[in-house]
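What follows is a single structure, written as structure tokens, with notes after it.
What you are looking at is a predicted structure, and each value in this text was computed from that prediction instead of being measured. Just so it is clear, the values below take in all heavy atoms, side chains as well, and ignore hydrogens, waters and symmetry mates.
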Amino acid sequence: MYNYNIGEIINALSIEFVAIYLRKSRDDKSEEDVLANHRLELVELAKKYNLKYVIYEEIGTSDSIEFRPELKKLLREVKNGVYDAVLVIHPDRLGRGDWADVGEIRKAFKASNTVVITPQKVLDYNDENQELANDMDALMAKHEYRLIKGRLKAGKIRGAKRGRWTNGVPPFPYFYDRNTKSLVVDEAKLPIYRMMVEEYLNGTSLKDIAVKVNKMGVKTHIGKYWSEVKVERVIFSEIHLGRIIYGKTSGSGHKNKPTKPLEIKDRDEWIIVENCHTAIKTLEEHSRMLAIKNAKQKVPKRARNGVYALSGLIKCSKCGYSMRMNNKKTVTKGLKCYVVKCQKTDPFGNQCGHHGIDADILLEAIENELLLYLNEIKSFENPQPSNQYKLDDLLAEKRKELKNAEDGLNRIYNLYVMGKINEEVMNNMSKEQEAMVIKIKNELREIEENFKEVKGISKEERKERIEAALRGLSDNTIETKELNRLLRLIIKEISYKKVQDEVTVEISFY
Ligand SMILES: [Zn+2]
């Protein structure tokens, strides 16, 4: 006898953030779309009750946890108390293998107070004395749900954060709502966004879309004009599908450091939370746009002409040898440019073997660093020397001055050692002379820094080169050879290191 429907229980327990676990059972046999139907049913259930969800979909049919990588991943999260509940088509999808496995699964749910929801009922594994899970409906009937609710919410802070917007400025045409900590569609801007999507689906180029929006007088969310890159970014963004994605990159970019740890992770490792805010394009539209994009870019822009954008710029951080590039065909991304593992061998035939890397990671780091460099130059206040030789002369002069001052200090010590002056006189004289040495040293350092700044190229010219390189990087139509030329005008060399999952890119500029 059921007194409560699932919706009532979900509301009563304030369930908000769930995982959907999908697995084909051996009994499902050859029916191809069984899993698709289950997916649809559970997604509809989640949407109906306004639940944010992450999907875990197992490929194999094994009952054993060992051969169910998605379940392993899910159980780890369940143990950590990330989810309020896990949605499955039937409890047997979680486990009915050997008893040890079932015990482990049950323990994870119990320890973290996570309930199981099927399209028919809500199950709670918490009861100490029960081998089987409790049907929540029975507990609800006993008015125990307040207690259960408190227990379910304890320690679920981490999960609650997921599905909230924490990524800074929201993308056009969303805005951030402080109260719900989520994204809300700006209804006035929505038609512009829809127009961009529809124009692209009708074959309009990104450039023409950008021009059209600019002519309408609509700026980006930070008040800038639209460019093809900016249009591309918003129309292809998965955020506009209602998703928030976590763990896409690892490492945090520190703005004022010369290095930038930056790693784009494998999509399998991302956490994709669905139903976080209103979707403003459909999955079908999104896929069609991807197909159009794919057809347009059979050959990636970076890999044209056989000359790669980064050729001649990458040095191995282990051995200093120049690293080569290669194009690789990948299943998921098509043709992509990679830096090849270091081929340098030592005199004994041992290969250096410093690992290769996706060239896009380096290009992104370059773009970021160039922007920082440009800002630095703009804020750098130094009088522009009329020519380099004058600075050379000044530098030589200051170095000589410093040497004289240091010699003077030594002479004072010698006078004392030789007994020609007493300690008090020595202290007074040396104090003065030491101050002089420090003063000259500082002056020298300042000149050296300026010298570094203007060495060979004037400030204005350097600025122009950086701007040209940045334009090259965001130009989809540029020849790779030309991009390489522009980058080489301003970049001396690039090296990178990878420690565990974190990539650090070091760029040295002219
Ligand atoms: Zn090497």
**Report entry** Test log, rule side chain to side chain contact (heavy atoms under 4.5 Å, CB included), inputs Y56 and K73
**Finding:** CA-CA 8 Å; Y56 295 78; K73 216 155 82 180; 4.3 Å; yes

Query raised in the report: Would L370 and L473 satisfy side chain to side chain contact (heavy atoms under 4.5 Å, CB included), going step by step from the backbone distance to the final call?
Result: CA-CA 10 Å; L370 281 172; L473 282 169; 3.9 Å; yes

Report task. Before giving the answer on side chain to side chain contact (heavy atoms under 4.5 Å, CB included), spell out for E493 and I491 the whole-Å C-alpha distance, their side-chain angles and the decisive distance to 0.1 Å. Result -> CA-CA 6 Å; E493 60 178 58; I491 296 171; 5.7 Å; no

Report task. Kindly indicate, with the supporting measurements, whether the criterion side-chain hydrogen bond (donor to acceptor under 3.5 Å, both in side chains) is fulfilled by N202 and T204. Result -> CA-CA 6 Å; N202 288 331; T204 312; over 6 Å; no

Requested in this report: Decide yes or no on side chain to side chain contact (heavy atoms under 4.5 Å, CB included) for I89 and T118, but give the supporting numbers first.
Outcome: CA-CA 5 Å; I89 210 77; T118 73; over 6 Å; no

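Not counting sequence neighbours, K48 has no partner by the salt bridge (charged side-chain N to carboxylate O under 4.0 Å, His left out) test. Taking T220 as the reference, nothing meets the side-chain hydrogen bond (donor to acceptor under 3.5 Å, both in side chains) condition, with sequence neighbours excluded. The side-chain hydrogen bond (donor to acceptor under 3.5 Å, both in side chains) test applied to D186 returns no partner, not counting sequence neighbours. Scanning for side-chain hydrogen bond (donor to acceptor under 3.5 Å, both in side chains) contacts around E57 gives R39, with sequence neighbours left out. For E284, the salt bridge (charged side-chain N to carboxylate O under 4.0 Å, His left out) partners at least two apart in sequence or on another chain are R288. Partners of I271 under the side chain to side chain contact (heavy atoms under 4.5 Å, CB included) rule, at least two apart in sequence or in another chain, are V54, E77, R162, Y246, V273. Listed by chain and number, the residues in a side chain to side chain contact (heavy atoms under 4.5 Å, CB included) with V184 are F175, D177 (sequence neighbours excluded). Taking E44 as the reference, L40 meet the side chain to side chain contact (heavy atoms under 4.5 Å, CB included) condition, with sequence neighbours excluded. Applying the salt bridge (charged side-chain N to carboxylate O under 4.0 Å, His left out) rule to K107 yields no partners; only residues at least two apart in sequence or on another chain are considered. Listed by chain and residue number, R194 satisfy the side-chain hydrogen bond (donor to acceptor under 3.5 Å, both in side chains) test with E198 (two or more places apart in sequence, or in another chain). Contacts of R324 classified as salt bridge (charged side-chain N to carboxylate O under 4.0 Å, His left out), with partners at least two apart in sequence or in another chain: none. A search for side chain to side chain contact (heavy atoms under 4.5 Å, CB included) contacts involving K212 returns M195, E199, not counting sequence neighbours.
For an aromatic pair to be called close, the ring centres must be under 6.0 Å apart, and F172 with Y193 fails this. Aromatic ring centres of Y21 and Y53: separated by at least 6.0 Å. Taking the ring centroids of H221 and Y174, they lie at or beyond the 6.0 Å cut-off.
For the pair E367 and L363, the minimum side-chain heavy-atom distance is 4.5 Å or more. Proximity of I105 to L71: side-chain heavy atoms (C-beta onward) are separated by under 4.5 Å at one or more points. With contacts defined as side-chain heavy-atom distances shorter than 4.5 Å, the pair V231/V213 does not qualify. Side chains of C342 and M323 form a contact here, defined as non-hydrogen atoms less than 4.5 Å apart. Using a 4.5 Å cut-off on side-chain heavy atoms (C-beta onward), L362 and I314 make contact. Annotation: side chain of L206 is in contact with side chain of I235 (closest heavy-atom distance under 4.5 Å). Side-chain contact check for V218 versus K189: every heavy-atom pair is 4.5 Å or farther apart. Between W226 and M196 there is a side-chain heavy-atom pair separated by less than 4.5 Å.
Atoms CG and OG1, on L74 and T114 in that order, are 9.0 Å from each other to the nearest 0.5 Å. Separating the CG atom in N11 from the CD1 atom in I6 is a distance of 12.0 Å, to the nearest 0.5 Å. Between atom CD1 of residue I507 and atom OG of residue S495 there is a gap of 9.0 Å, rounded to the nearest 0.5 Å. Atom CD1 of residue I245 and atom CD of residue E274 lie 8.5 Å apart, to the nearest 0.5 angstrom. Note that CG of L51 is 8.5 Å distant from CD of E16, once rounded to the nearest 0.5 Å. Residue L241 holds its CG atom at 8.0 Å from OG1 of T282, rounded to the nearest 0.5 Å.
Under the side chain to side chain contact (heavy atoms under 4.5 Å, CB included) test applied with Y496, the options K315, E506, H354 reduce to a single match, H354.
When every heavy atom of F236 is checked against every heavy atom of H286, the shortest pair comes out as O-CE1, 3.2 Å. Between C352 and K318 the shortest heavy-atom distance is O-NZ, 3.5 Å. Of all heavy-atom pairs spanning P173 and I280, the tightest one is CD-CD1, 3.5 Å. When all heavy atoms of L487 and A469 are compared, the pair lying nearest together is CD2-CB, 4.1 Å. Of all heavy-atom pairs between A309 and L483, the closest is CB-CD2, 3.6 Å. I117 and A85 get closest at one heavy-atom pair: CD1-CB, 3.7 Å.
Here the side chain of D84 pairs a donor or acceptor atom with the backbone of F17 at under 3.5 angstrom. Side chain of K281 to main chain of S237: a donor-acceptor pair is present (N/O by atom type, distance under 3.5 Å, no hydrogens or angles). Side chain of W165 to backbone of C276: no donor-acceptor contact under 3.5 angstrom is found. No side-chain donor-acceptor contact under 3.5 Å links S14 to the backbone of I10. With N275 contributing its side chain and K52 its backbone, the two residues share no donor-acceptor pair below 3.5 Å. Under a 3.5 Å cut-off, the side chain of E8 and the backbone N or O of N5 do form a donor-acceptor pair.
No more than 12 heavy-atom neighbours from other residues, nucleotides or ligands sit within 6.0 angstrom of NZ on K341.
Checking Q343 against Y321 by side-chain atom types alone, no donor-acceptor pair falls below 3.5 Å.
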